[in-house]
Amino acid sequence: MPTQASITLPAQFNTKPVDFYPKTSVYSTRMNLFQSIEETAKKGAAGLTPEARNSLVIAIQSHCSPDGGHTDLSQKCSDPYYSFFAWLSLRALSDTPPASLQHYFATCRALSPIDHFCKAFVQIHSMPAFKRKLASLYLIIRHPPYNPYTLFLSGLLLDMSFPRLAPFFLRLTRKNDTHALSTSRLAAQLLANPRTANAPLIRKKLLQRHSETGGFSSADNASPDLLATAVARIALSSESLDTSLDLLFAEACWCPDGLFSAMPGLSSGDVEHTYYALLVLGTCRA
């Protein structure tokens, strides 16, 4: 447990589920999926004490490089992937990421497909609607998504401009992933089509991975982790899930360095799992 600040105790949270994904048609006017994710993370940040929010911001910014980006796990150089999660986390915690981080995404080199999508996502999401449509299509044509991460980011981008195409890309996460039954892939299937014929089976499978001590596991007989907990709680937003144990699980993942780790018992965290922690906390608030 970190000593610098404490997560607001579960008593300040309630069990009313977050209406994460709309119950109406995905083709109707609605908050897009990325906006829903951001609202969930902001709710999680709002459930922290001011001291806890401030300590998280300081911990995230401590991994900032001179070029404005954030370092990877080696802490030797800036990385678009981890900078992307720093951008997401700081937007949830303080609304406005530093200008140096925005400048990094405008100038950094993307060496892998996921890096291309992380860099492009930051630049594209705030464009005017017509320009965003063109930029999204260009990105997907120039760098065809083929793994679950790039497919999911493609789905988020398309959901902003072409909501009829977004479920198609989210469903592809199963066809292009050898671990088709992982919790994150099952959750993507459910988000792509909440009314699919397999939805009851998917929900049942996800609920089976809810640990009695809090948190969800990514696979059968695995230990709970923050990513699985975040995506499972999001996908199961219509279910009446216990929040107190999942809040305690998230708190146990807070490391002495001020960031969150994948699971309890680790000495250091990272910005990626810090964002997943904010999502977990957000799904536990009304």
Side-chain angles (χ1 to χ4, degrees), residues 1-18 20 34-65 69-71 73 75 82-101 211 213-216 223-234 237 241-286:
M1 284 285 294
T3 57
Q4 64 266 47
S6 178
I7 293 177
T8 303
L9 293 177
Q12 278 201 242
F13 294 81
N14 61 54
T15 57
K16 181 180 177 182
V18 175
F20 184 82
F34 178 62
Q35 289 172 329
S36 296
I37 290 173
E38 286 221 296
E39 285 302 308
T40 302
K42 288 178 180 179
K43 287 178 181 178
L48 298 169
T49 63
E51 295 79 10
R53 286 196 299 273
N54 185 57
S55 69
L56 273 179
V57 171
I58 292 173
I60 292 170
Q61 292 179 337
S62 70
H63 290 264
C64 183
S65 295
H70 286 250
T71 57
L73 294 179
Q75 299 187 11
Y82 287 96
S83 297
F84 177 62
F85 280 99
W87 178 78
L88 290 172
S89 298
L90 291 173
R91 282 170 63 89
L93 290 161
S94 58
D95 290 329
T96 306
S100 58
L101 185 53
S211 172
T213 58
F216 285 76
S223 298
D225 65 79
L226 273 180
L227 170 57
T229 303
V231 297
R233 288 194 62 90
I234 286 170
S237 61
L241 298 174
D242 178 84
T243 60
S244 58
L245 290 178
D246 288 346
L247 284 170
L248 292 174
F249 172 77
E251 186 175 17
C253 294
W254 204 3
C255 299
D257 66 353
L259 298 177
F260 286 81
S261 60
M263 56 189 63
L266 301 180
S267 60
S268 61
D270 58 73
V271 290
E272 178 182 3
H273 288 92
T274 296
Y275 190 67
Y276 299 152
L278 293 176
L279 291 177
V280 172
L281 299 179
T283 62
C284 294
R285 301 190 70 231

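The figures that follow rest on heavy atoms only: side chains count, while hydrogens, waters and symmetry mates do not.
- At least one donor-acceptor pair under 3.5 Å links the side chain of D246 to the backbone N or O of G215.
- Counting only heavy atoms from C-beta outward, the side chains of T243 and R285 never approach each other to under 4.5 Å.
- To the nearest 0.5 angstrom, E272 atom CD is 10.5 Å from F84 atom CZ.
- The nearest pair of heavy atoms linking I60 to S89 is CD1-CB, 3.6 Å.
- To the nearest 0.5 Å, the span separating CG on L88 from CG on L93 amounts to 11.0 Å.
- To the nearest 0.5 Å, the span separating NE2 on H70 from CG on D270 amounts to 13.0 Å.
- Between Y276 and F85, the distance from one ring center to the other falls under 6.0 angstrom.
- In plain terms, the two heavy atoms of F260 and A250 that are nearest each other are CE2-O, 3.2 Å.
- Between R53 and A45, the closest heavy-atom pair is CD-O, 3.1 Å.
- In this structure, L266 and P256 approach most closely via the heavy-atom pair O-CD, 4.3 Å.
- Partner F216 forms a side-chain contact (heavy atoms from CB on, under 4.5 Å) with one of D225, L226, T229 and no other, that one being T229.
- Minimum heavy-atom separation, L101 to G69: CD1-CA, 4.3 Å.
- Atom CG of residue L227 and atom CG of residue L279 lie 9.5 Å apart, to the nearest 0.5 angstrom.
- Here the closest non-hydrogen pair linking R233 and D242 is NH1-O, 3.2 Å.
- Proximity of a side-chain donor or acceptor of D257 to a complementary backbone N or O of A59 within less than 3.5 Å is not detected.
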Are L245 and T213 close enough, and set up right, to give a side-chain contact (heavy atoms from CB on, under 4.5 Å), and what steps lead you there? CA-CA 6 Å; L245 290 178; T213 58; over 6 Å; no
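- Taking OG1 of T96 as the reference point, atom CZ of R91 lies at 8.5 Å (rounded to 0.5 Å).
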